[in-house]
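Notes follow once the structure below has been shown.
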Amino acid sequence: MTAPFPRLGGVLHSGGISLESLADRFGTPLYVYDLDQVRESLRRFEDAFAGMDLLLAYSVKANGNLAVLHRMAQWGAGADIVSGGELFRARQAGIPADRIVFAGVAKTAEEMRAGLREGIYAFNVESEGELRRLEAVAAEEGTVAPFAMRVNPDIVSPTPHEYTRTGHAQTKFGVPMGRALDLYREAARSSHLWARGIDVHIGSQILDAGPFVQALDHVATLARSLRSEGVLLEFLDLGGGYGVRYGEAGSERELDLEELAERMKPTVAELELRLVLEPGRSLVGPAGVLLTRVEYVKEGQGKTFVIVDGGMTELLRPSHYGGYHAIEPVRARPGAETRPVDVVGPICETGDFLARDRSLPLPQAGDLLAVHTAGAYGFAMASNYNARRRPAEVVVEGGEAFLVRERESLEDLVRGERIPWPVG
Ligand SMILES: *Cc1c(COP(=O)(O)O)cnc(C)c1O
């Protein structure tokens, strides 16, 4: 794979455009996504799983920008959504409803109604209560709800942080395997439920094929039991979580998709089921960078702080999950002394940092830094805390840059608020 943001003449570029020029034109902090790289990542999935009946349902929560979703739709991807808001986004961007799967533990009746009216491919149901509610809503709507039970295979997936593990028995996600079988049997007696598939999602940023293969084996066993009872499914949904390279020491690798596909092929072929995958991070993460400008360099007591104009409000992963992102100066500073620094943001929280004890060529105020692998769970988790305006987003494609989200204005910050008394 080509480097998403190569250094040319000492300056990082995206699709032939210097990141410096993008920061000058659109301001900082700024998200930049290289769509040619996203396209390439999607192709890598298509190539690895070629020959299988595959639906790539891009996980919208990783990066829900309409322009990104629109390209996904044009490239044949569907969507994995977790809220009515994401359904709205996906449909606005032109993703066909029959390529949308709906996950999430707390679906409201309203969200179910919206999904049914749009005609989505399947609801990935996470509990018995949810299945009952889905049946009731489908009955009210006079329709049949296609669903998959999300099973919890009780696999402890080796993700870097416990918050991104979802496949063991103690999480809120899914139902135990044994219970799932009973629920499928019940559903078979309902005229408003259509058991269309089985779903599993074991976590995020998983670097080995093993846990996925294990999860597949679990759901395959369930699919065989169902088949023997006459419940014929259409698809297996193996969820997302395909790990990318963040560049942290010791994790200098990404999941081997070819190996994963090879190991999954025999089971998928035997079952003759459609395979749904829900990659999020692996499609957009490496294709994105957060540009942030140095405001001050401050010598603390035995520590150097590089204070930048973007922090946890723009990129929450470092403070929330201890996430690692490689950071580089956009323009090389020859001769700069390299030393360990903390790269910190403007937010009034000690937990507001992008990197700690990171060796960096010491920048100066006004320098631009690139925070890598920020295309997934970057803007998507941005907030207005400290009355920060959420940043702008730019995509680069075919050597051209397009603004795909304006930086928020001060007016945006108070939109919808009311002072219920006379002012002045
Ligand atoms: C978050 C999520 C995904 C995507 O995970 P990635 O690590 O971004 O690939 C897929 N499916 C479900 C159900 C999710 O919650």
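Values below: all heavy atoms of this structure, side chains included; hydrogens, waters and symmetry mates excluded. Numbering of ligands and ligand atoms starts at 1, following listing order.
- Less than 4.0 angstrom separates some heavy atom of Y377 from each of these atoms of ligand 1: 1 (C), 4 (C), 5 (O), 6 (P), 8 (O).
- With hydrogens and angles ignored, the 3.5 Å screen pairs a side-chain donor or acceptor of R99 with a backbone N or O of A77.
- A heavy-atom separation below 4.0 Å is not found between F173 and ligand 1.
- Near R281, meaning under 4.0 Å from any of its heavy atoms, are these atoms of ligand 1: 6 (P), 7 (O), 8 (O), 9 (O).
- Counting heavy atoms from C-beta outward, N63 and Y33 have side chains that approach closer than 4.5 Å.
- With a heavy-atom cut-off of 4.0 Å, S59 touches ligand 1 through its side chain alone.
- Contact annotation: for H201 versus ligand 1, heavy atoms closer than 4.0 Å belong to the side chain alone.
- Y385 has its side chain within reach of I347: a pair of non-hydrogen atoms, C-beta onward, lies under 4.5 Å apart.
- In this structure, Y321 has its ring center no closer than 6.0 Å to that of Y377.
- In summary, the side chains of H325 and R317 do present a donor paired with an acceptor at a separation below 3.5 Å, with no hydrogens or angles considered.
- With ligand atoms numbered from 1 in the order given, ligand 1 contributes 3 (C), 4 (C), 9 (O), 10 (C), 11 (N), 12 (C), 13 (C) to contacts under 4.0 Å with heavy atoms of E278.
- Residue contact check: G240 has heavy atoms under 4.0 Å from atoms 9 (O), 10 (C), 11 (N) of ligand 1.
- The single protein non-hydrogen atom nearest to atom 1 (C) of ligand 1 is K61 NZ, 1.2 Å, given as residue, atom name and distance.
- The minimum heavy-atom distance linking V330 with L291 is given by the pair CG2-CD2, 4.0 Å.
- Outside the 6.0 Å centre-distance limit, the rings of Y121 and F147 are not counted as a close aromatic pair.
- Close N/O approach between G280 and ligand 1 is found [any backbone or side-chain N/O within under 3.5 Å].
- The shortest N or O to N or O distance between S204 and ligand 1 is below 3.5 Å.
- In terms of N/O distances under 3.5 Å, ligand 1 is not approached by R150.
- Annotation: side chain of P363 is in contact with side chain of V294 (closest heavy-atom distance under 4.5 Å).
- Close to ligand 1: D80, with a non-hydrogen atom less than 4.0 angstrom away.
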With a cut-off of 3.5 Å and sequence neighbours excluded, list every side-chain donor-acceptor pair involving residues 100-107.
unit_1	atom_1	unit_2	atom_2	d
K107	NZ	G104	O	2.9
K107	NZ	N124	O	2.7
K107	NZ	E130	OE1	3.4
K107	NZ	E130	OE2	2.6

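- Short contacts between ligand 1 and G241, defined as distances under 4.0 Å to a heavy atom of the residue, involve ligand atoms 5 (O), 6 (P), 7 (O), 9 (O).
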